[in-house]
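All of these numbers come straight from a predicted model, not from anything done at the bench.
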Amino acid sequence: MAAQPELSQHARRIPTQPDHRGHARPDAAVPVDGEGTEPSHLAAVTVDFTTCADGPDRRRQVCAHVLDRCTGHVVAPGRVTALVSGTSTRTVRAEQERLVRRLEKLFANLPIGVSRVGRGAERDELVAEACRAATYASLALADSPTSVDAHPLEEAMLANGELTSTMTALLDPLADHEEFIHTLYLYLAFDRDRQRVARHLTVHPRTVDYRLRRIAALTGLHPQTVSGAGKLLAALIGRTHHGAAPR
């Protein structure tokens with residue numbers, strides 16, 4: 001994530017984001033520990049729009065009026081992360097839960113990831129944690145909301161940098177075929193239901209079959225098998241960890 005602009009000795013801001021009318025709205029200050037400031041606690045909530053049939057951009061626009069009430073928000077391909085702040089863990093957790101309930105009403109069945117509560121200086125780490133949780137929930141079609149604590153195997157894999165790099169490299173042969181990676185992501189997220197993938201992509205099921213065959217030929221891993229699907233899922237998780245989320 002790009003470095004945030006320094007505003008003063010005690011504050012940093014979320015980059016300005018457009019509102020639902022496409023206008024820039026003022027940045028929201030996030031206090032951090034320092035002389036003359038009250039310690040600020042933060043938590044993050046991420047909504048993953050990757051599997052939206054009507055497109056992530058449209059859903060992000062609908063999100064704007066909810067996020068405007070938050071401390072700030074960060075937009076990334078296929079997802080939006082909102083930050084909430086307060087002066088205690090209890091108040092921030094309560095606000096995080098209220099935000100999740102509102103988002104669940106707006107975006108039924110979409111994966112939502114939540115972070116733990118941390119201090120203001122941990123903002124980037126909290127955003128990354130919520131994003132990982134949302135990605136895990138999306139890949140597993142888990143009930144929302146979810147936290148990284150609910151996915152210990154994925155977190156254990158990402159804690160091993162060498163293993164993560166090895167698994168991520170399995171997708172290198174698909175580097176020039178983004179449509180194959182997206183199809184693979186949906187195929188695994190939809191529990192290997194090729195008909196559902198075809199409907200989502202508005203293509204013929206035979207197109208999905210062709211892409212799966214090409215994925216197998218290029219990577220040497222067959223998505224239709226338990227072993228192949230498991231390794232490819234780990235590769236997608238590692239790829240997302242490196243900032244290249246499926247689109």
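- For the pair Arg196 and Phe190, the distance from NZ or CZ to the six-membered ring centre is under 6.0 Å and the angle to the ring normal is within 45 degrees.
- By the 4.5 Å heavy-atom criterion applied to side chains, Asp48 and Ile112 are not counted as neighbours.
- With respect to Arg116 and Glu125, a salt bridge is recorded, a charged nitrogen being found less than 4.0 Å from a carboxylate O.
- The shortest heavy-atom contact between Leu188 and Ala229 is CD2-CB, 3.8 Å.
- Atom NE2 of His200 and atom NE2 of His182 lie 5.0 Å apart (nearest 0.5 Å).
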Step by step, would you call Val84 with Val45 a side chain to side chain contact (heavy atoms under 4.5 Å, CB included)? CA-CA 8 Å; Val84 294; Val45 178; 5.6 Å; no
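- Look at Glu122 and Arg119 and you find no salt bridge, because none of the NZ, NE, NH1 or NH2 atoms lies under 4.0 Å from a carboxylate O.
- Of all heavy-atom pairs between Val148 and Ala133, the closest is N-CB, 3.8 Å.
- No donor-acceptor pair closer than 3.5 Å links the side chain of Glu155 to the backbone N or O of Asp149.
- Of the inter-residue distances, the one linking Arg206 atom CZ with Arg213 atom CZ reads 10.0 Å to the nearest 0.5 angstrom.
- Residues Glu104 and Pro145 are in side-chain contact: their nearest non-hydrogen atoms beyond the backbone lie under 4.5 Å apart.
- A distance of 10.0 Å separates CZ of Arg132 from OG of Ser115, quoted to the nearest 0.5 Å.
- Taking both residues in full, the closest heavy atoms of Tyr185 and Leu236 are given as CA-CD1, 3.8 Å, listed atom of the first, atom of the second, then distance.
- Heavy-atom minimum distance, Pro223 versus Ile215: CG-CG2, 4.0 Å.
- Looking at His151 and Thr146, their side chains do bring a donor and an acceptor atom within 3.5 Å of each other.
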Using the side chain to side chain contact (heavy atoms under 4.5 Å, CB included) rule, take Thr183 and Thr207 through it: C-alpha gap first, then chi angles, then the decisive distance, then the call. CA-CA 10 Å; Thr183 299; Thr207 300; over 6 Å; no
Check against side chain to side chain contact (heavy atoms under 4.5 Å, CB included), Leu42 and Val92: CA-CA 7 Å; Leu42 290 174; Val92 173; 5.7 Å; no
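- Shortest non-hydrogen contact noted between Leu126 and Ala44 is O-CB, 3.6 Å.
- Listed by chain and number, the residues in a salt bridge (charged side-chain N to carboxylate O under 4.0 Å, His left out) with Arg194 are Asp209 (sequence neighbours excluded).
- Annotation: Gln195, atom CD; neighbour count of heavy atoms from other residues, nucleotides and ligands within 6.0 Å is above 12.
- When only modelled atom types and interatomic distance are considered, Thr168 and Arg239 share no side-chain donor-acceptor pair under 3.5 Å.
- Here the CG-CG distance, from Leu221 to Leu233, works out to 12.0 Å after rounding to the nearest 0.5 Å.
- For the pair Leu218 and His177, the minimum side-chain heavy-atom distance is below 4.5 Å.
- For the atom pair CZ of Arg211 and CG of Leu186, the computed distance is 9.5 Å after rounding to the nearest 0.5 Å.
- Every pair tested for side-chain hydrogen bond (donor to acceptor under 3.5 Å, both in side chains) that includes a residue from residues 215-235 fails, sequence neighbours excluded, so the list is empty.
- The OG1 atom of Thr135 sits 9.0 Å away from the CD1 atom of Ile237 when rounded to the nearest 0.5 Å.
- Looking only at side-chain heavy atoms (C-beta outward), Thr46 and Val80 stay at 4.5 Å or farther from each other.
- Judged purely by atom type and a 3.5 angstrom limit, Asp191 has no side-chain atom pairing as donor or acceptor with the backbone of Asp193.
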Verdict with reasoning, Thr81 to Cys131, per side chain to side chain contact (heavy atoms under 4.5 Å, CB included): CA-CA 7 Å; Thr81 301; Cys131 287; 3.3 Å; yes
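- Across every non-hydrogen atom of Ala43 and Gln96, the tightest pair is CB-NE2, 3.5 Å.
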